[in-house]
Structures are given as C-alpha cells and as structure tokens.
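Structure record follows, encoded as structure tokens.
What you are looking at is a predicted structure, and each value in this text was computed from that prediction instead of being measured.
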There are 2 protein chains.
Amino acid sequence: MIHCEKHNHCISTAIKHGEEICNEKGLKFTAIRRKVLELVWESHKPAKAYDILEKLAKEDGAPVPPTVYRALDFLLQNGLVHRLNSLNAFVGCSHPGLHKQCYFLICTHCEEVTECCTNQLGKAIGVSAKENSFTTESVSLEILGSCKTCSA
Amino acid sequence: MIHCEKHNHCISTAIKHGEEICNEKGLKFTAIRRKVLELVWESHKPAKAYDILEKLAKEDGAPVPPTVYRALDFLLQNGLVHRLNSLNAFVGCSHPGLHKQCYFLICTHCEEVTECCTNQLGKAIGVSAKENSFTTESVSLEILGSCKTCSA
DNA sequence: TAAGATATGTTATATTATATCATTTAAATT
DNA sequence: AATTTAAATGATATAATATAACATATCTTA
Ligand SMILES: [Zn+2]
Ligand SMILES: [Zn+2]
Ligand SMILES: [Zn+2]
Ligand SMILES: [Zn+2]
C-alpha cells in the first residue's frame with residue numbers, strides 16, 4: 001500500500017505537471033485531457049480505459065471510446081501516464097519528465113502500483129542488449145507480486 | 001534476424017519438449033495442443049491467437065476462439081510458450097523447463113523475438129524488489145528495438 | 001477573413017479474450 | 001466390463017479492449 005496521506009496532493013501535483021509539460025512543449029492541456037489525467041490519478045491503482053470512460057460519462061454527457069483513448073494516447077506520448085501492458089491499464093507517472101526508463105511493482109493483492117527507476121536495472125538491461133547487439137528503443141518491465149503491506 | 005538454418009529443427013525440438021514435459025507431468029499433449037504449439041513455432045515472430053485460429057481452420061474444420069485460447073493457456077501454464085504482453089501475442093519458449101525468469105528482445109523491424117535469461121538481470125530485479133520490500137511472483141520484461149541484422 | 005492545423009464528435013467496426021453449458025473422451029474405480 | 005469421475009473439447013454467446021474513418025468544431029497565423 002502506498003502511503004500518501006493526502007492523495008489530493010498527488011492529484012494536484014499530477015495536474016500541475018500536466019500544465020507545465022504542455023506549456024513547455026506548446027501543447028494544449030485541454031479539458032478532456034485534464035479530466036482523464038485526474039481520473040487516472042483517482043488512485044494509485046491501474047485505471048482501465050473503459051472505467052475512465054464510465055466515470056467521464058457521469059460528468060460529461062456521453063463520451064465514446066475514441067475520446068478516452070485519444071486523451072490517454074496524448075498523456076502517454078507526453079510522459080504523463082504509463083501503460084501497464086500486463087493489465088491493459090494505465091497509471092499516472094509519478095515523476096513526469098524526470099526519468100527515461102522506469103518499471104513497475106504491481107501488487108496483485110491491493111493492486112497498487114509503485115513506479116521505480118533504479119539506474120542499476122537500466123544498466124543491466126543495457127548490458128544485455130549490447131551482448132545481443134540489440135538497439136533498445138523502449139523497455140516494458142512489470143513485476144507482479146506482493147507489496148510490503150500485503151505480504152506482511 | 002535469428003539464424004536458424006533449419007527451422008524445421010526448431011519446430012521438431014519444440015514438439016519433443018512438449019511431449020517430454022507432458023510425459024513428466026502426466027499431462028496430455030493432445031492433437032490440438034500439439035498443433036497450436038507447431039503454429040506458434042511457425043516462425044520466430046510473435047503469433048497472434050486469431051492468426052493461429054485461422055491457420056487451424058485451414059486444416060481442422062471450424063475451430064473457435066476458446067479452442068485456441070485453451071491450448072495457449074495450457075502451453076503457457078507448462079512453460080512451452082510465452083505471452084508477449086506488449087503485443088498481445090505468443091512465442092514458443094526456446095528452452096522450456098531450463099529457466100525461471102526470462103525476457104525478450106523484440107525487433108520492431110523484422111519482428112523477430114529473442115528470448116534471453118541473463119542471471120544478472122534477474123538479480124538486479126531481485127535487489128530492486130527487496131529495496132521496496134516487494135515479494136516478486138512474476139516478471140514481464142520486454143525490450144523493443146532493433147536486432148543486429150536490422151540495425152546494421 | 002481565409003487557410004491550415006489541431007482537437008473533438010460520431011458512427012461503425014476490429015481485435016482480443018472469456019463465460020457458460022453441452023458433449024465427448026479418457027482414466028480410475030468398482 | 002460397467003460405472004463413476006475427471007479432463008478435454010465443442011459450441012454459442014458475449015465481454016473487454018482498441019481503432020478506422022469521416023465530419024465538425026476550434027484554434028492559429030498568415
Ligand atoms: Zn496518492
Ligand atoms: Zn499490496
Ligand atoms: Zn528457427
Ligand atoms: Zn530485426
């Protein structure tokens with residue numbers, strides 16, 4: 001379990017990052033994009049696209065899948081959220097712009113996701129790629145298991 | 001590009017592994033399971049469930065999705081194939097039974113997949129998990145990029 | 001204002017995967 | 001061998017995830 005005494009703070013920080021990054025890059029942090037980012041950040045658990053869609057529906061008329069997927073793509077593209085391939089789900093990036101390669105500890109009990117970026121691991125991956133004369137473009141590393149709270 | 005001079009040999013070895021593993025465990029290497037394993041091994045590229053389904057259809061009447069997914073689940077369960085989460089696809093395991101943790105180099109150009117299992121990387125993951133008091137159950141590591149042939 | 005680019009709306013459909021229940025086949029038990 | 005049980009497969013339906021394609025609106029900037 002992630003200890004965030006004030007999760008509202010997690011959310012507002014994430015939104016601020018969104019604004020900053022869009023400003024820097026001259027992109028538009030539109031209402032939909034903002035709202036989807038908020039919904040992804042509703043918790044530290046993975047958010048499913050169609051769950052986001054439902055929540056969006058409660059506020060904004062009748063959104064459709066492309067609306068959500070477009071927003072998610074935008075957020076992914078700009079490093080504001082990550083996609084968890086093993087779950088077909090999304091989590092907010094905990095430190096947008098500050099890392100190149102990160103990975104995820106996903107608790108299969110409480111479902112919470114911790115984003116990590118040890119340099120060590122990145123280095124090990126680099127070495128391994130080199131050994132295979134492989135040029136790395138992107139890395140997807142997801143570790144499933146029990147978090148501290150849940151395995152205690 | 002993977003150099004397998006005789007890919008038939010890859011296939012027959014994979015099938016032999018299937019037979020052996022099922023014998024050892026007292027499981028049935030049924031006709032469907034064998035056929036799906038062969039189809040997964042048709043190349044070193046990721047195989048999609050519905051492509052396998054189509055190929056199966058050309059030989060065996062009118063199979064339906066559950067048929068393929070059941071066979072794939074069985075093969076996954078018994079370490080004969082791996083699922084590539086980032087591609088929703090499957091590859092044959094290149095050394096069934098001989099490793100615990102492996103990862104994949106996936107060439108985005110020729111699509112070929114190389115299965116690796118450096119101990120070093122496994123160790124690095126272990127260290128990182130420990131630092132987070134995380135108990136690892138399974139790891140999904142997929143590296144996208146260019147293979148030797150394709151980046152040359 | 002007009003032209004171009006970006007974002008969103010809208011409809012339809014593609015792709016991936018599972019639930020459920022019936023039937024068959026194989027194995028174990030009597 | 002017949003009976004019971006378990007495992008595998010058949011069959012139908014549907015769930016869950018994601019994208020294509022084209023129309024419209026909004027925002028830029030020339
Ligand atoms: Zn929080
Ligand atoms: Zn947990
Ligand atoms: Zn081969
Ligand atoms: Zn290649």
Side-chain angles (χ1 to χ4, degrees), chain A residues 18-19 21-40 45-57 59-78 80-91 111 140 142, chain B residues 18-19 21-40 45-57 59-78 80-91 111 140 142:
Chain A
E19 285 167 351
I21 284 175
C22 287
N23 278 341
E24 283 168 22
K25 300 192 186 180
L27 301 170
K28 293 177 213 164
F29 197 50
T30 63
I32 290 178
R33 290 166 178 174
R34 172 189 300 261
K35 190 66 208 171
V36 169
L37 185 56
E38 280 172 14
L39 290 172
V40 167
K45 300 177 185 178
K48 309 282 274 180
Y50 276 76
D51 289 344
I52 293 171
L53 184 63
E54 271 187 31
K55 286 169 186 164
L56 211 53
E59 313 188 15
D60 292 349
V64 285
T67 303
V68 168
Y69 280 102
R70 279 172 185 152
L72 286 171
D73 284 345
F74 175 87
L75 298 171
L76 280 171
Q77 217 61 46
N78 295 290
L80 292 162
V81 307
H82 294 291
R83 184 170 198 282
L84 300 176
N85 292 318
S86 60
L87 301 177
N88 292 336
F90 303 82
V91 282
E111 297 184 274
S140 163
E142 299 170 20
Chain B
E19 285 167 352
I21 284 175
C22 288
N23 277 341
E24 282 167 22
K25 299 192 185 178
L27 301 170
K28 292 177 214 163
F29 196 52
T30 64
I32 290 176
R33 290 166 179 174
R34 172 190 300 261
K35 191 66 208 171
V36 169
L37 185 56
E38 280 172 13
L39 290 171
V40 167
K45 300 177 185 178
K48 311 281 274 181
Y50 275 75
D51 289 344
I52 292 171
L53 184 63
E54 271 188 31
K55 286 170 188 167
L56 210 53
E59 313 189 15
D60 293 350
V64 285
T67 303
V68 168
Y69 280 102
R70 279 172 186 152
L72 286 171
D73 285 346
F74 175 88
L75 297 171
L76 281 170
Q77 217 61 45
N78 295 289
L80 291 163
V81 307
H82 296 291
R83 184 171 198 282
L84 301 176
N85 292 319
S86 61
L87 301 177
N88 294 336
F90 303 82
V91 281
E111 296 185 275
S140 164
E142 298 170 20

*asked:* Without decimals, in angstroms, what is the distance between A/Lys25 NZ and C/dT6 P?
replied: 15 Å

*What are the two closest non-hydrogen atoms of A/Ile52 and A/Ala47, and how far apart are they?*
CD1-CB, 4.0 Å

Solution key, residues 33-40 of chain B side-chain donor-acceptor pairs under 3.5 Å, sequence neighbours excluded:
| unit_1 | atom_1 | unit_2 | atom_2 | d |
| --- | --- | --- | --- | --- |
| B/Arg33 | NH1 | B/Lys28 | O | 2.7 |
| B/Arg34 | NH1 | B/Glu19 | OE2 | 3.1 |
| B/Arg34 | NH2 | B/Glu19 | OE2 | 3.0 |
| B/Lys35 | NZ | B/Glu38 | OE1 | 3.2 |
| B/Lys35 | NZ | B/Glu59 | OE1 | 3.1 |
| B/Lys35 | NZ | B/Glu59 | OE2 | 3.4 |

*Roughly, in whole Å, what's the span from CD1 in A/Ile52 to C1' in D/dT17?*
13 Å

_Minimum heavy-atom separation for A/Ala49 and A/Val68, please, with both atom names._
O-CG1, 3.7 Å

*Measure the spacing between CG of A/Leu80 and CD1 of A/Ile21 and express it to the nearest 0.5 Å.*
4.5 Å

*From A/Phe29 CZ over to A/Leu75 CG, what is the distance, rounded to the nearest 0.5 angstrom?*
7.0 Å

*Quick one, which residues of residues 30-40 of chain B touch DNA chain C with a heavy atom under 4.0 Å?*
none

*What heavy-atom pair brings A/Phe74 and A/Cys22 nearest, and what distance separates the two atoms?*
CZ-SG, 3.7 Å

Return all side-chain donor-acceptor pairs below 3.5 angstrom for residues 84-91 of chain A, not counting sequence neighbours, or 'none' if the list is empty.
| unit_1 | atom_1 | unit_2 | atom_2 | d |
| --- | --- | --- | --- | --- |
| A/Asn85 | OD1 | A/Arg83 | NH1 | 2.9 |
| A/Asn85 | ND2 | A/Ser140 | OG | 3.1 |
| A/Ser86 | OG | A/Glu142 | OE1 | 2.4 |
| A/Asn88 | OD1 | A/Arg83 | NH2 | 3.3 |

*Round to the nearest Å and state the distance from A/Asn85 atom CG to D/dT17 atom P.*
14 Å

*Check the distance between C/dA7's P and A/Asp73's CG and give it to me in whole angstrom.*
12 Å

*Nearest 0.5 Å, what's the OG1-CG distance between B/Thr67 and B/Leu72?*
11.0 Å

*Mark up nucleotides 20-30 of chain D, 5' to 3', with B wherever a protein heavy atom is under 4.0 angstrom from a base atom, S wherever such an atom reaches only the sugar-phosphate, and - elsewhere.*
BB-----S---

Between the protein and nucleotides 14-16 of chain C, list the N/O to N/O atom pairs that are separated by less than 3.5 angstrom.
| unit_1 | atom_1 | unit_2 | atom_2 | d |
| --- | --- | --- | --- | --- |
| C/dT16 | OP1 | B/Lys48 | NZ | 2.5 |

*Rounding to a whole Å, what distance do you find between A/Leu76:CG and D/dT17:P?*
16 Å

*Take atom CG of B/Leu27 and atom C1' of D/dA7, then tell me their distance rounded to the nearest Å.*
11 Å

